[in-house]
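Comments concern the structure below.
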Amino acid sequence: MIQFLILGLLKKKPGAYGYELLADMENNYFEFFLNFTKGSFYYNLQQLAEKQLIEKIVDDANDKREKNRYVLTAAGEAAFEKQFAHYGGQNKPITFPFYTPLLFTDQVEPAQMRELLQSQIAQTKEKIQAIEAALNTATNLQPMFIKMMANSKRHHEVNLEWLQEQLAEGIQ
């Protein structure tokens with residue numbers, strides 16, 4: 001998925017430096033939808049270059065943070081189109097690691113479950129607040145991304161309600 005995002009960003013911004021693309025991912029809150037680090041970003045950028053899906057253009061200007069600009073190759077354009085169709089056609093279940101331990105609530109003490117639920121509630125509230133902060137402070141987000149973030153927030157709100165119900169009922 002990181003490679004698809006890089007291809008898409010380069011399609012929008014040909015000739016960008018790697019740090020510009022990474023900054024775009026960070027400034028546009030892509031971490032709400034995908035886990036990535038600076039290291040994983042640059043690793044995937046390198047992989048795309050090795051696969052000849054992007055081309056490095058060396059910029060010899062001494063005042064630059066980075067010397068490499070990147071553009072999509074014809075193969076990169078084709079890969080973007082293929083991945084767009086692939087990822088756009090998927091509808092996988094939402095995975096929430098916390099659900100799996102719930103299958104074994106009868107194997108742990110009720111106090112341990114209460115602690116876990118309280119922790120999940122706190123983390124979910126933090127996610128909701130982070131999304132709200134992003135939506136309230138970001139000025140250059142694409143309209144579709146704003147809709148995606150609002151939808152994500154609503155998912156977290158529903159999850160929060162459910163977690164709070166489980167805590168109130170004393171999980172069984």
Side-chain angles (χ1 to χ4, degrees), residues 1-101 103 119-120 123-156 158-159:
M1 181 66 76
I2 293 174
Q3 290 188 6
F4 172 65
L5 289 175
I6 293 170
L7 292 173
L9 288 171
L10 280 173
K11 194 166 175 61
K12 290 176 95 169
K13 198 174 187 179
Y17 291 99
Y19 71 86
E20 288 178 293
L21 300 173
L22 181 59
D24 283 349
M25 289 173 68
E26 291 169 344
N27 293 337
N28 288 296
Y29 303 99
F30 284 17
E31 73 271 10
F32 285 114
F33 300 100
L34 175 72
N35 290 324
F36 66 91
T37 63
K38 184 177 179 179
S40 66
F41 169 81
Y42 279 103
Y43 171 79
N44 281 282
L45 192 65
Q46 178 184 358
Q47 292 297 304
L48 288 168
E50 288 176 10
K51 292 177 186 176
Q52 298 180 339
L53 299 179
I54 63 174
E55 181 182 348
K56 283 185 196 180
I57 300 170
V58 179
D59 188 346
D60 289 330
N62 292 335
D63 61 340
K64 300 291 182 187
R65 291 171 55 179
E66 191 174 319
K67 290 187 179 204
N68 298 321
R69 293 170 144 323
Y70 297 91
V71 294
L72 289 178
T73 63
E77 290 275 354
F80 172 81
E81 295 298 328
K82 183 178 178 182
Q83 290 180 24
F84 183 87
H86 171 74
Y87 289 121
Q90 291 185 10
N91 190 352
K92 293 185 176 185
I94 297 172
T95 58
F96 189 42
F98 178 69
Y99 288 158
T100 305
L103 298 171
S119 173
Q120 288 296 321
Q123 290 177 57
T124 303
K125 286 179 178 179
E126 287 175 11
K127 288 177 185 176
I128 292 168
Q129 290 172 346
I131 292 170
E132 286 174 344
L135 288 171
N136 291 332
T137 60
T139 57
N140 297 326
L141 295 178
Q142 298 175 24
M144 182 52 72
F145 195 79
I146 292 170
K147 290 178 184 180
M148 289 168 50
M149 295 215 7
N151 187 50
S152 179
K153 178 182 172 216
R154 183 65 191 131
H155 280 275
H156 289 304
V158 168
N159 218 18

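Only heavy atoms go into these numbers, but all of them, side chains included; no hydrogens, no water, no symmetry mates.
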Under 3.5 Å, is there a donor on one side chain and an acceptor on the other for Ser119 and Gln123? yes
Which side-chain N or O atoms in residues 6-15 pair as donor and acceptor under 3.5 Å with protein atoms at least two apart or in another chain?
{"unit_1": "Lys11", "atom_1": "NZ", "unit_2": "Glu77", "atom_2": "OE1", "d": "2.6"}

Residues in ring-ring contact (aromatic ring centres under 6.0 Å, His included) with Tyr43, at least two apart? none
Name all residues meeting the ring-ring contact (aromatic ring centres under 6.0 Å, His included) criterion together with Phe145; count only those two or more places apart in sequence or in a different chain, and write none if there are none. Phe30, Phe33
Applying side chain to side chain donor-acceptor pair (under 3.5 Å), name anything that partners Glu26, two or more places apart in sequence or on another chain. none
For Gln47, what residues pass the side chain to side chain donor-acceptor pair (under 3.5 Å) criterion, not counting sequence neighbours? none
Does the plane of the ring in Phe4 sit parallel, tilted or perpendicular to the ring in Tyr87? Use 30° and 60° as the thresholds. tilted
Can you tell me which residue pairs pass the salt bridge (charged side-chain N to carboxylate O under 4.0 Å, His left out) test with a partner in residues 143-155, sequence neighbours excluded? Glu132-Lys153, Lys153-Glu157, Arg154-Glu157, Arg154-Glu161
Quick check on Asn151: does its CG atom have over 12 non-hydrogen neighbours (other residues, nucleotides or ligands) under 6.0 Å away? yes
Parallel, tilted or perpendicular for Phe84 and Phe80, by the 30°/60° rule? tilted
Side chain to side chain donor-acceptor pair (under 3.5 Å) partners for Gln3, two or more places apart: Asn44, Lys51
Side chain to side chain contact (heavy atoms under 4.5 Å, CB included) partners for Lys82, two or more places apart: none
Taken in chain and number order and not counting sequence neighbours, the residues that satisfy side chain to side chain contact (heavy atoms under 4.5 Å, CB included) with Glu55 are Val71, Thr73
Strictly distance-based, threshold 3.5 Å: is any side-chain N or O of Ser40 a donor or acceptor partner for the main-chain N or O of Phe36? no
Tell me every residue that passes side chain to side chain donor-acceptor pair (under 3.5 Å) with Ser152, counting only those two or more places apart in sequence or in another chain. none
Quick check: are there more than 12 heavy atoms from other residues, nucleotides or ligands sitting under 6.0 Å from CD of Gln52? no
